[in-house]
Amino acid sequence: REIDTGSGEIDFEEFSKMFNSLLSQRDSLAEMHKAFMYFSDGKERITLNDLRQVSIDTNDVQKEQFLHEMFLIGDVDKDGVISFMDFKMMMERAIATEKEGITGPKVVLDAANERD
């Protein structure tokens, strides 16, 4: 019913719109999972040490406070690790705020990096 615009049937345009929406969700979820696996080094969670290692591996060495604040933002459920669900929620928030023209967590991270 959410797809149908009122005719009682789903026409090709309505189907195409729904299918493309589902496809983009799947692709973005797959991309999020790929990024998560990179940060976690293939494990089921990301630790602060993982963030440190990625910082070193990418030659983007960040200050400890920056990495710690980044970790705190990512640890949505505050259990001491960033699970895929934490990562997904953080990425969805970042994408949503970026679409609204708000830089969200990036502002916090940039400010933390500038302080040091």
Side-chain angles (χ1 to χ4, degrees):
R1 290 185 180 181
E2 293 175 21
I3 301 164
D4 180 29
T5 57
S7 67
E9 296 179 353
I10 298 173
D11 62 28
F12 180 76
E13 185 178 329
E14 292 166 337
F15 175 79
S16 180
K17 185 183 275 187
M18 182 238 5
F19 183 77
N20 287 333
S21 173
L22 291 174
L23 193 58
S24 77
Q25 289 173 12
R26 186 202 69 194
D27 289 345
S28 65
L29 186 60
E31 289 299 314
M32 279 186 213
H33 192 262
K34 186 176 176 181
F36 176 81
M37 294 307 284
Y38 175 77
F39 279 96
S40 70
D41 196 28
K43 300 182 304 268
E44 294 181 13
R45 82 272 183 282
I46 298 170
T47 65
L48 184 55
N49 283 334
D50 292 325
L51 291 181
R52 287 183 190 115
Q53 190 59 51
V54 168
S55 177
I56 292 166
D57 291 348
T58 60
N59 292 321
D60 184 25
V61 180
Q62 297 292 330
K63 297 183 183 195
E64 184 65 21
Q65 185 174 354
F66 177 83
L67 293 172
H68 185 71
E69 290 183 23
M70 190 165 150
F71 182 80
L72 290 175
I73 289 169
D75 184 13
V76 176
D77 62 7
K78 307 300 179 215
D79 65 351
V81 296
I82 300 173
S83 66
F84 179 68
M85 290 308 295
D86 289 337
F87 187 80
K88 181 177 177 283
M89 288 171 54
M90 178 186 67
M91 294 302 291
E92 288 170 343
R93 272 191 316 210
I95 290 166
T97 56
E98 187 175 292
K99 285 181 180 177
E100 294 172 6
I102 304 167
T103 53
K106 185 174 180 346
V107 171
V108 174
L109 297 175
D110 288 346
N113 204 29
E114 287 176 14
R115 267 198 316 261
D116 296 340

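Each residue takes its place number in the sequence, starting with 1.
Between F71 and N49, the closest side-chain pair of non-hydrogen atoms is not below 4.5 Å.
Taking H68 as the reference, nothing meets the ring-ring contact (aromatic ring centres under 6.0 Å, His included) condition, with sequence neighbours excluded. Residues meeting the side chain to side chain contact (heavy atoms under 4.5 Å, CB included) test with N59, sequence neighbours left out: none. Checked against ring-ring contact (aromatic ring centres under 6.0 Å, His included), F87 has the following partners two or more places apart in sequence or in another chain: F36. Residues satisfying the side chain to side chain contact (heavy atoms under 4.5 Å, CB included) test with M89, not counting sequence neighbours, are V76.
Atoms CD1 and CG, on I82 and L72 in that order, are 8.5 Å from each other to the nearest 0.5 Å. A distance of 9.0 Å separates CD1 of I56 from OG1 of T58, quoted to the nearest 0.5 Å. Taking CE of M32 as the reference point, atom CE of M37 lies at 15.5 Å (rounded to 0.5 Å).
Taken together through direct or relayed side-chain contacts under 4.5 Å among Ile, Leu, Val, Met, Phe, Trp and Tyr, I46 and V81 form parts of separate hydrophobic clusters. There is a path of hydrophobic side-chain contacts, each under 4.5 Å, that joins M91 to L29.
Contact detail for G74 and M90: the closest heavy-atom pair is CA-SD, 3.4 Å.
Among residues at least two apart or in separate chains, salt bridge (charged side-chain N to carboxylate O under 4.0 Å, His left out) pairs with a member in residues 47-58 are K43-D50, R52-E64. The salt bridge (charged side-chain N to carboxylate O under 4.0 Å, His left out) analysis of residues 74-88, with sequence neighbours excluded, yields the pairs K88-E92.
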